[in-house]
K.L.:
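Before I ask anything, here is the structure I am working with.
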Amino acid sequence: MHGTSILDEADRLMTVCNSCRYCEGLCAVFPAMEMRRAFSDGDLNYLANLCHACGACYVDCQFSPPHEFNVNVPKTLAIARAESYAAYAWPRALSGLFARNGLIISLVAAFSMAAFILGFAAFNDPGVLFGTHSGPGAFYKLMPHNAMAASFGMAFLYAILALVLSVRAFWRDIGEPIGGRVAAPSIFRAMRDAGELRYLHGGGVGCYNEDDRPTDRRKLYHHLTFYGFLLCFAATSVATLYHYVLGREAPYAWWDLPVVLGTLGGIGLVVGPMGLLLARMRRDPALRDETSTGMDVGFVVMLLLTGMSGLLLLVLRATPAMGPLLALHLGAVFALFITMPYGKFVHGIYRFAALVRYAQERRLES
Ligand code: SF4
Ligand code: SF4
C-alpha cells in the first residue's frame, strides 16, 4: 500500500511494465524502472517526474484500454506528478488550494497588484497615471525604483525559498541524501537532456497530441516558453546591472541589450504559452490529466500575460497607456513570482532533479 491511490495504480502499472519491457527504448522512465524490483513512494514520484508525457507508451501499448489490464502510463504518471508537487510544496497548505483554483488565484493576484500600483500612483499624483512620460526614469514616475525593487525582491526571495525547500524534500524522498555529492558529469548530462527536452520525443518520432500521428509541436512550444522565460530573466538581470553599476535608468532604447533580450523573450512567452494552451485543449482526453487544470493553466496564462503586457508596454511606452500597462505588467510578474512554487513552474525543477538522479544511476550502473 502506498500513500495515495494514484501511487498504488502507478505501482501496479510499473509492475506490469517491468514484466513486459516493450517500451524500454522510448524514454528514461523504463530503464529507471528496470533498475528496481519494488517501488517506494519516492521511487514512483521519481519515475513520474522523469516522464515527459509524450504519450508514446500509451499508443504503443498492447495492454492499454479497452484491454482489461487498463495500462495508461502517461495519464497515471501525470496525476502522480501533479500530486507530488503538492506533497513536497512548502508550505503545503497553499499548494492544495492552488491546484484547485490556480487560474483564479493567479489572476486575482495579478490584478490586485496592478490595482495597488495604480492606487499608489493616483494617491501620490493622479496626473501621473495617464500622463506621457519619456526619457530615463520614466517608469519610476508611477512607482519609485526602490519601492519596486523592494516589493519584487521580496516576492522573488519568497519564491526561491519555497522552491528550495520543496525540491529538497523531493530530492530526499527519491533516495538522494541532502548534501551528498553529485558528480559533475551527471549534472552536465541532465542539463543537456533538459535543454534538448530529450524525452519529449516519443522515442524519436515526436509527441502524441490529439491523435496517433506524432509531431514535435509540443516540444517547440515548450522550447519557446522555456527560452523566452530565460531571455526575460536575462533582460531583467542586465537592466539591474545597468541601474546599479552603470547608473543608467529604464526605459532603454530599443537597441539596448535589456530591450533586445526582453523583446525576444517576450515573443517566446507569447507564442510558446499560446501553443501550449492550444495543444492542451486538443490533446487526446485519454492522455490528459484534468485534475491539475488549475495548476497547469494558471501558470501558462501568467506567462502569457507577462509576455503580452511586456511587449505592449514596449510599443506604447511613449503614450498615455504607459501607466496602466506598466501596472498590469508588474502585477503579472508579481503574481508569477508568488505562485511559482505552487504552479506548473515546479515541473521543470523536479524534472531536472529527476534527470540528475537518472544520470547518476546510469553512471553507477555502468
Ligand atoms: S506501457 Fe504497455 S507496452 Fe509499454 S512496457 Fe508497459 S505494458 Fe509494455
Ligand atoms: S509518456 Fe513518454 S515520457 Fe512518459 S513514460 Fe511514456 S514514453 Fe516515457
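Start at 1 and go down the list; that is how both ligands and their atoms are numbered. Start at 1 with the first residue, then count along the sequence.
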K.L.:
With ring centroids as reference points, do His222 and Phe226 lie under 6.0 angstrom apart?
P.N.:
no
K.L.:
Using a 4.0 Å cut-off to any heavy atom of Gln62, which atoms of ligand 1 qualify?
P.N.:
3 (S)
K.L.:
So does Met148 have more than 12 non-hydrogen atoms from other groups sitting under 6.0 Å from CE?
P.N.:
yes
K.L.:
How far is atom 7 (S) of ligand 1 from its nearest protein heavy atom, and which residue and atom name does that atom have?
P.N.:
Phe63 CD1, 3.5 Å
K.L.:
Checking side chain to side chain donor-acceptor pair (under 3.5 Å) for the pair Asp43/Ser40: CA distance, chi angles, key distance, verdict?
P.N.:
CA-CA 5 Å; Asp43 288 334; Ser40 66; 3.2 Å; yes
K.L.:
Which residue and non-hydrogen atom of the protein lie closest to atom 2 (Fe) of ligand 1, and at what distance in Å?
P.N.:
Cys61 SG, 2.3 Å
K.L.:
Return yes if a side-chain donor-acceptor contact under 3.5 Å exists between Asp8 and Ser5, otherwise no.
P.N.:
no
K.L.:
Looking only at protein heavy atoms, identify the closest one to atom 3 (S) of ligand 2 and say how far it is in Å.
P.N.:
His52 N, 3.3 Å
K.L.:
Donor-acceptor pair, distance only, cut-off 3.5 Å: does the side chain of Arg36 make one with the backbone of Ala32?
P.N.:
yes
K.L.:
Taking N, O or S atoms only and a limit of 2.8 Å, check whether Cys20 reaches atom 8 (Fe) of ligand 1.
P.N.:
yes
K.L.:
For ligand 2, is any non-hydrogen atom under 4.0 Å from Ala28's backbone (N, CA, C, O), its side chain (CB onward), both, or neither?
P.N.:
neither
K.L.:
Please could you name the atoms of ligand 2 that Pro74 approaches to less than 4.0 Å, counting only its heavy atoms?
P.N.:
1 (S)
K.L.:
Do Arg248 and His243 touch side chain to side chain, with heavy atoms closer than 4.5 Å?
P.N.:
no
K.L.:
Which of the numbered atoms in ligand 2 are below 4.0 angstrom from a heavy atom of Cys57?
P.N.:
1 (S), 5 (S), 6 (Fe), 7 (S)
K.L.:
I'd like to know whether ligand 2 has Ala53 as a neighbour, heavy-atom separation below 4.0 Å.
P.N.:
yes
K.L.:
Will you find, in the side chains of Tyr221 and Arg217, an N or O donor that is under 3.5 Å from an N or O acceptor?
P.N.:
no
K.L.:
Which residue from Cys27, Gly55, Ala78 reaches closest to atom 1 (S) of ligand 2 through any of its heavy atoms?
P.N.:
Gly55
K.L.:
Can you tell me which portion of Tyr22 lies within the under-4.0 Å heavy-atom range of ligand 1? Options are side chain, backbone, both, or neither.
P.N.:
both
K.L.:
Among all protein non-hydrogen atoms, which one is nearest to atom 6 (Fe) of ligand 1, and what is the separation to 0.1 Å?
P.N.:
Cys17 SG, 2.4 Å
K.L.:
Determine, stepwise, if the pair Asp193 / Tyr358 fulfils side chain to side chain donor-acceptor pair (under 3.5 Å).
P.N.:
CA-CA 11 Å; Asp193 290 349; Tyr358 178 64; over 6 Å; no
K.L.:
Do other residues, nucleotides or ligands put more than 12 heavy atoms under 6.0 Å from Met35 CE?
P.N.:
yes
K.L.:
Considering only protein heavy atoms, which is closest to atom 4 (Fe) of ligand 1, and at what distance to one decimal place?
P.N.:
Cys23 SG, 2.3 Å
